[in-house]
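Have a look at the structure below before the remarks.
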Amino acid sequence: MNWIASLAPRFAAAGRRLSIPLADLLVLAYLWAIGTCFTSFILYGEEAYLLVPWWVMALAVVEGAALWESFGVSLGMRLFGRWLSREDDSSPSLGQRLGYWLSWHLSLPLFPLSFLDHEGQTVAERLTGTVLREPPADAPRGRWYRTSSGWAILLILFLTSGAAFGITKVNLSALIKGAPKTAKFWRSLASPDTSILTLGLKLLLETFFMAMMATVFAVVIAGPVSFLAARNLMRGPLARPVYFVVRAISSLTRSVDAIIWAIIFAVWVGMGSFCGALALWIHSIADLIKLYSEQLESIDPGPLEAVAAAGASRLEVIRYGIIPQIINPYLSFTLYRWDINVRMATVIGVVGGGGIGWRLAAHLRSWQFPEASMLTILVVALVWAIDYVSARLRAKLA
Amino acid sequence: MPHLAIDHLTKIYERGKVLALDDVSFSVDKGEFLVLIGLSGSGKSTLLRCINRLIEPTSGRVFLDGTELTALPQRELRRWRRKIGMIFQQFNLVKRSTVLANVLAGRLGYVPTARTLLGRFPREDLERARRALERVGLLEKMFVRADQLSGGQQQRVGIARALMQEPELLLADEPVSALDPATSHSILKYLEQMNRQDGVTVLCALHFLSLARRYGTRIIALKGGRIVFEGSPSEIDDAKFKEIYGEEAEQVEVR
Ligand SMILES: Nc1ncnc2c1ncn2[C@@H]1O[C@H](COP(=O)(O)OP(=O)(O)OP(=O)(O)O)[C@@H](O)[C@H]1O
Ligand SMILES: [Mg+2]
C-alpha cells in the first residue's frame, strides 16, 4: 500500500511537467489561429484560420513554446505555479537557458522518463542542471503588464472579441432594415384573441402544476440527500466515499440542462406535461442538493458541539443543532427553485413538455399571432405573480 | 478517590501533526474551582474537550468518579456527558432559536430521543428551564430569539443550559474572553455560585491571571501542551509568570 501512496506525488509532479508545455502549445496555437482569422478579416474580409501551410504554423507554435519556456516565464508555468531555476533557487545562466531550449525538444518524446524520477524532472532539466519548481516566496513579482503572460492574455482577449464580431456576422443594416417586418406581430400582440382565454387558463394551470410537482417531489429527495453531500458532516472513512459519489452524481445531473432532460424524457415517457415535470424534477433535485449542501457546509459548528456535550444523540444533534440553523435558508432556496421551475415550465413545454409552452410555440410557428399574444400575456402574468410572491416570502424568511 | 483524574493524556492533531497535549496528568477533587491558564495555543481547549471526548485523545485516560470515560462506548458516553456541563467562549447558542429552546437543549441527555425529536419536553423540564432562567436573571427573555441578546446575556443562557443538566462537573472554555471586564465578573460570579452552592466542580480556562487569582482555588498552567505550573493562586510570582507567558509579557489587571 505504501508504494502506491508514494506514486501519487510522482504522478502529480510528472503530470504538472506535461501540463505546462501542453497549455503553452494550446495557447500559442489558439493565438495563431485567431490572429490569422483576425488579419484575414481585415485584409480580405473573409474567414480563414490558416493562411500558411499547416507545418509552418506547427513549427512556429512548438518553437514559440520552447523559447517562451526557456527564456521567460510562460503562461503555462504561471498557471501551474512553476518556474525555471537552479538547485539553489538562483536564476539560470544564459548558457543554461540555451541548453534548456535545445534539449526541451527531447523532453516531450522522452517524457515517460520523468516518472522514474520522484521529482518528475525532465530530460531538459537534468541535462542543464536546472529544475522547474515553485518560485520562492520572496521572488520578485512583476506587474501584469510587464510579464509576457500578461500580454498573452491581453492579446487573447483582444483577438477573440475582434474575431467574434466577424464570425457571428454582425450585420447592423439587417437589424435596422428588417424592423418593419415585425409590425404585424406587434399589432396582434395588442389585440389578443380572447376566445382562447379559457383554454389558455387550463393550459396555464397545467404548466403551474408541472412546476409545483417538480418542486415538491424534488424537496422530498434533495432534503435528506443534501446531508450526504455536505463535506463537513461526511467525515470518516465510510462517509467520505458516499460524499464523493453523491456529489459526482448530482453535479453531473445538474450539468445537463432541464431542456435536454425534457428531450430525454419525451423519448422515455412520451411528450406531455408528465415529461416536463420529470425533467424539471430531476434538474431541481440536483440543483437543490447543491444549494442545500452548501448551506449545511456553512453552518456554525458551535451549537452542534454544545448539544453533543449535553449528551444528545446523533439524531438530536441534527434536530437541535443543525435544523434550526438551516430551516429558513432551505425554505428560501425551495421558493427560489419553485420560481425558476414555473418560468422553466413554459420553455420546457416548447420542446415537448406539454402545458402552455407547447401550444404557444405551435401558434407562433403557424404565424397565429393573436392567439400567441393571448397565451404570452397569461404566461407573463403568472411569472410576474410567482416572482412577486416568492420574493415577498423570501424576504420574510431572511 | 479524586472526582476527576487525567492520566497521561496526549493529543496529536492529525491535520498538521500538531502535538497539542503532551503527556498531561493531574487530578481534581470534588468542589474545586480549578483554573487553566496559558498562552493562546497552549492546549487549554484541547484539554477540556478531551475530558468529555468532544475530541478523542490520541492516548491517555480520563476518569470521572472512578469510571474511565475514555473507554466508554458512544451510548454510555452520552449518559455520562449529562453530568458534565460545558460553556464556551463563543456561547455556542443556536442563534435562530428562542432562549427557551436553547436552555431546554441541556435536557437532551435525559429525555428519550423519540420525545425530543417531536419537540416535546416533560412538564418538569419546562419548570426547570423557568427556574434556571430566573436564576441567571433572564426570565423575561424566555421567548426571545437568542441572537437578539447581548454577549453577556447569551453567556447567561449558556449557563442556564448547563444548569439544566444538573451537572457535577462544569467545563468552561474561556467563558469571558468575548466580554467586557464588568460583565466578565458577573458571569464568573455565576460559576462561583454554582461551585459554592451546588457543589459543582469547575474547570475553567481563563486568559487573565488576575481573574484566575480571584476565582480559582487552584491553578494549572499549560505551555506547549505541557503542565508548567500547578499550585495555589498565591504561588504565582513574577518569575513563574514569565515562565508561563514568556519574557515579554506584562501582567494585565482586570478588576
Ligand atoms: N482541529 C485542529 N486541527 C489541528 N490543529 C489544531 C486543531 N485545534 C487546535 N489545534 C492546534 O492545537 C494547539 C492547541 O490548541 P488549543 O485550541 O487547545 O489551544 P488554546 O490554549 O485553547 O488556545 P486559545 O487560547 O487560542 O483558545 C494549537 O497549536 C492549535 O493550532
Ligand atoms: Mg481555546
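Residue numbering restarts at 1 for every chain, and letters A, B, ... go by the order of the sequence lines.
Judged by distance alone, with hydrogens and angles left aside, the side-chain atoms of Arg319(A) form a donor-acceptor pair with the main-chain N or O of Leu117(B) at under 3.5 Å. In terms of modelled atom types and a separation under 3.5 Å, the side chain of Tyr320(A) and the main chain of Asn102(B) share no donor-acceptor contact. With hydrogens and angles disregarded, no donor-acceptor distance shorter than 3.5 Å links the side chain of Arg82(B) to the backbone of Ala310(A).
Chain B forms more heavy-atom pairs under 4.5 Å with one residue of Pro303(A), Gly321(A), Pro301(A) than with any other, namely Pro303(A). Counting heavy-atom pairs closer than 4.5 Å to chain A, the top residue among Gly109(B), Gly85(B), Pro167(B) is Gly109(B).
Ala306(A) and Arg161(B) get closest at one heavy-atom pair: CB-NH2, 3.4 Å.
Contact annotation for residues 87-100 of chain B against chain A (heavy-atom separation below 4.5 Å, listed by residue number): Phe88(B), Asn92(B), Leu93(B), Val94(B), Lys95(B), Arg96(B), Ser97(B). For residues 327-336 of chain A, the interface with chain B (any heavy-atom pair closer than 4.5 Å) comprises Asn328(A), Pro329(A), sorted by residue number.
Sparse packing is recorded around NZ of Lys290(A), with 12 or fewer heavy atoms of other residues, nucleotides or ligands lying under 6.0 Å away. Dense packing is recorded around CZ of Phe63(B), with more than 12 heavy atoms of other residues, nucleotides or ligands lying under 6.0 Å away. More than 12 non-hydrogen atoms from other residues, nucleotides or ligands lie less than 6.0 angstrom from CD of Glu140(B). Other residues, nucleotides and ligands contribute only 12 or fewer heavy atoms inside 6.0 Å of the CZ atom of Arg314(A). Taking a 6.0 Å sphere around CZ of Phe244(A), one finds it holds more than 12 heavy atoms contributed by other residues, nucleotides or ligands.
With contacts defined as side-chain heavy-atom distances shorter than 4.5 Å, the pair Met86(B)/Glu305(A) does not qualify.
Within the 4.5 angstrom heavy-atom criterion, no atom of Ile51(B) approaches chain A. Looking at Arg53(B), there are no atoms closer than 4.5 Å to chain A (heavy atoms on both sides), in backbone or side chain. Residue contact with chain A, scored on non-hydrogen atoms closer than 4.5 Å, is absent for Arg79(B).
Note: Gln74(B) CD to Ser313(A) OG = 11.0 Å, rounded to the nearest 0.5 Å.
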